Every structure is written in C-alpha cells, then in structure tokens.
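Everything numeric here is computed off the predicted structure, so don't read it as measured data.
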Amino acid sequence: MTALITRADLSAAIDAGAVTVVDTLAGEYYAQQHLPGALALHPSEVDTLAAALLPDRAAAIVTYCSNPACSNSGQVADRLTALGYTDVRKYREGIQDWVEAGLPVESA
C-alpha cells in the first residue's frame, strides 16, 4: 500500500521544490486545473510515459486525483512502485480538498 501525504506536508514540499507532483486525471481535467507544477500521467499511460516524465526513480513523487473516491492516484502510485520508484506517496484527498482549502492551482 502506498504511503499517504497530508495537504500541509504536500504544500510545504511543493513550496520547497522537494517533490514531483503527478496529476492522474490528465486530459481536460488537468487542463482545467492542477496542483502547481504537476505533471499529467493517467493510469493508462504509466508504462509508456513514466521513464520519460520521471527519470529519477529515487525522487519524491506524489500522486493525486479528484478526491478519495477516485482510484487513479492509487493505481499510478502502485504502478510506479512496481516499476522501481522508491519514494512514492499519495495525496488521497485530491484536488477537491486542495481547492476547498483555498490553495493555488494552475491551468494548462
């Protein structure tokens, strides 16, 4: 099971430039809004795009999707771990929680 990260810890890691954030919704949802600096990686694309998007398998990576009901972030986190990434965590509450807390988002 993938370790979780809190909103506060994720926000601090983003501010410090200490994490690669992965939006697992991708497509139009990513274009509308995503966490600052987030990369788009849908579960169906992990095997083909992970090595190019995430070349450092030891880097801190956090996956997220819309909210706790969405399974994309867990699927991507589990697949990244299976591919040899060693520091993968999941922001279970997702972008819904981030936006409701008044934190900044970006659009494509």
Side-chain angles (χ1 to χ4, degrees):
M1 183 172 154
T2 303
L4 301 178
I5 189 169
T6 65
R7 177 186 346 113
D9 288 345
L10 177 56
S11 181
I14 290 171
D15 289 347
V19 66
T20 300
V21 181
V22 176
D23 181 307
T24 64
L25 294 168
E28 66 184 64
Y29 298 105
Y30 175 82
Q32 287 174 0
Q33 65 179 8
H34 52 269
L35 272 60
L39 304 173
L41 186 62
H42 189 266
S44 65
E45 302 170 324
V46 175
D47 288 352
T48 55
L49 298 180
L53 285 176
L54 306 164
D56 183 356
R57 292 178 191 243
I61 298 169
V62 172
T63 64
Y64 74 91
C65 75
S66 55
N67 56 46
C70 178
S71 63
N72 286 17
S73 58
Q75 291 172 24
V76 171
D78 291 346
R79 188 64 192 138
L80 289 173
T81 300
L83 290 171
Y85 291 86
T86 58
D87 188 4
V88 180
R89 290 172 287 169
K90 180 174 80 167
Y91 174 39
R92 184 179 65 87
E93 292 76 16
I95 195 164
Q96 180 178 342
D97 173 71
W98 187 269
V99 169
E100 287 173 357
L103 294 168
V105 293
E106 297 174 348
S107 58

Identify the heavy atoms of [X] and [Y] that sit nearest to each other, and give their distance.
X	Y	value
V19	V62	CG2-CG2, 3.5 Å
Q32	S107	O-CB, 3.3 Å
A60	A18	CB-O, 3.5 Å
S66	L25	N-CD1, 3.7 Å
G37	E106	N-OE1, 3.0 Å
P104	P36	O-CD, 3.4 Å

Distance (rounded to the nearest 0.5 Å) between Q75 CD and C70 SG: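 Between Q75 CD and C70 SG, I get 8.0 Å after rounding to 0.5 Å.
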Value rounded to 0.5 Å, distance of CG in N72 from NE2 in H42: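 Interatomic distance, N72 CG to H42 NE2, rounded to 0.5 Å: 5.0 Å.
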Between the main-chain N or O of [Y] and the side-chain N or O of [X], is there a donor-acceptor pair closer than 3.5 Å?
X	Y	answer
E93	T6	no
S11	A8	no
T24	Y64	yes

Which residues satisfy the side-chain contact (heavy atoms from CB on, under 4.5 Å) test with A40, sequence neighbours excluded?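 Residues passing side-chain contact (heavy atoms from CB on, under 4.5 Å) with A40: A26, Y30.
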By side-chain contact (heavy atoms from CB on, under 4.5 Å) - contacts of D78 (at least two apart):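 For D78, the residues satisfying side-chain contact (heavy atoms from CB on, under 4.5 Å) (neighbours in sequence not counted) are T2.
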Connected via hydrophobic side-chain network under 4.5 Å: [X] and [Y]:
X	Y	value
V21	W98	yes
I5	I61	no
L83	L39	yes
V88	V46	yes

Which residues pass the salt bridge (Lys or Arg N to Asp or Glu O under 4.0 Å) test with D47, not counting sequence neighbours? R79
For R7, give me all partners under salt bridge (Lys or Arg N to Asp or Glu O under 4.0 Å), at least two apart in sequence or on another chain.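 Testing R7 for salt bridge (Lys or Arg N to Asp or Glu O under 4.0 Å), a comparison that skips the adjacent residues, returns D97.
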Applying side-chain contact (heavy atoms from CB on, under 4.5 Å) between L35 and each of L10, D23, L103, report the one that passes. L10
For the pair T20 and D56, evaluate side-chain contact (heavy atoms from CB on, under 4.5 Å) and give the outcome as yes or no after the intermediate values. CA-CA 10 Å; T20 300; D56 183 356; over 6 Å; no
Non-neighbouring partners of N67 that pass side chain to side chain donor-acceptor pair (under 3.5 Å), sequence neighbours left out: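 With sequence neighbours excluded, N67 shows a side chain to side chain donor-acceptor pair (under 3.5 Å) to Q96, given in chain and number order.
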Using a 4.5 Å cut-off on heavy atoms from C-beta on, say whether the side chain of L41 contacts that of T63. no
Name all residues meeting the ring pair (Phe, Tyr, Trp, His ring centres under 6.0 Å) criterion together with Y29; count only those two or more places apart in sequence or in a different chain, and write none if there are none.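 Applying ring pair (Phe, Tyr, Trp, His ring centres under 6.0 Å) to Y29 gives none.
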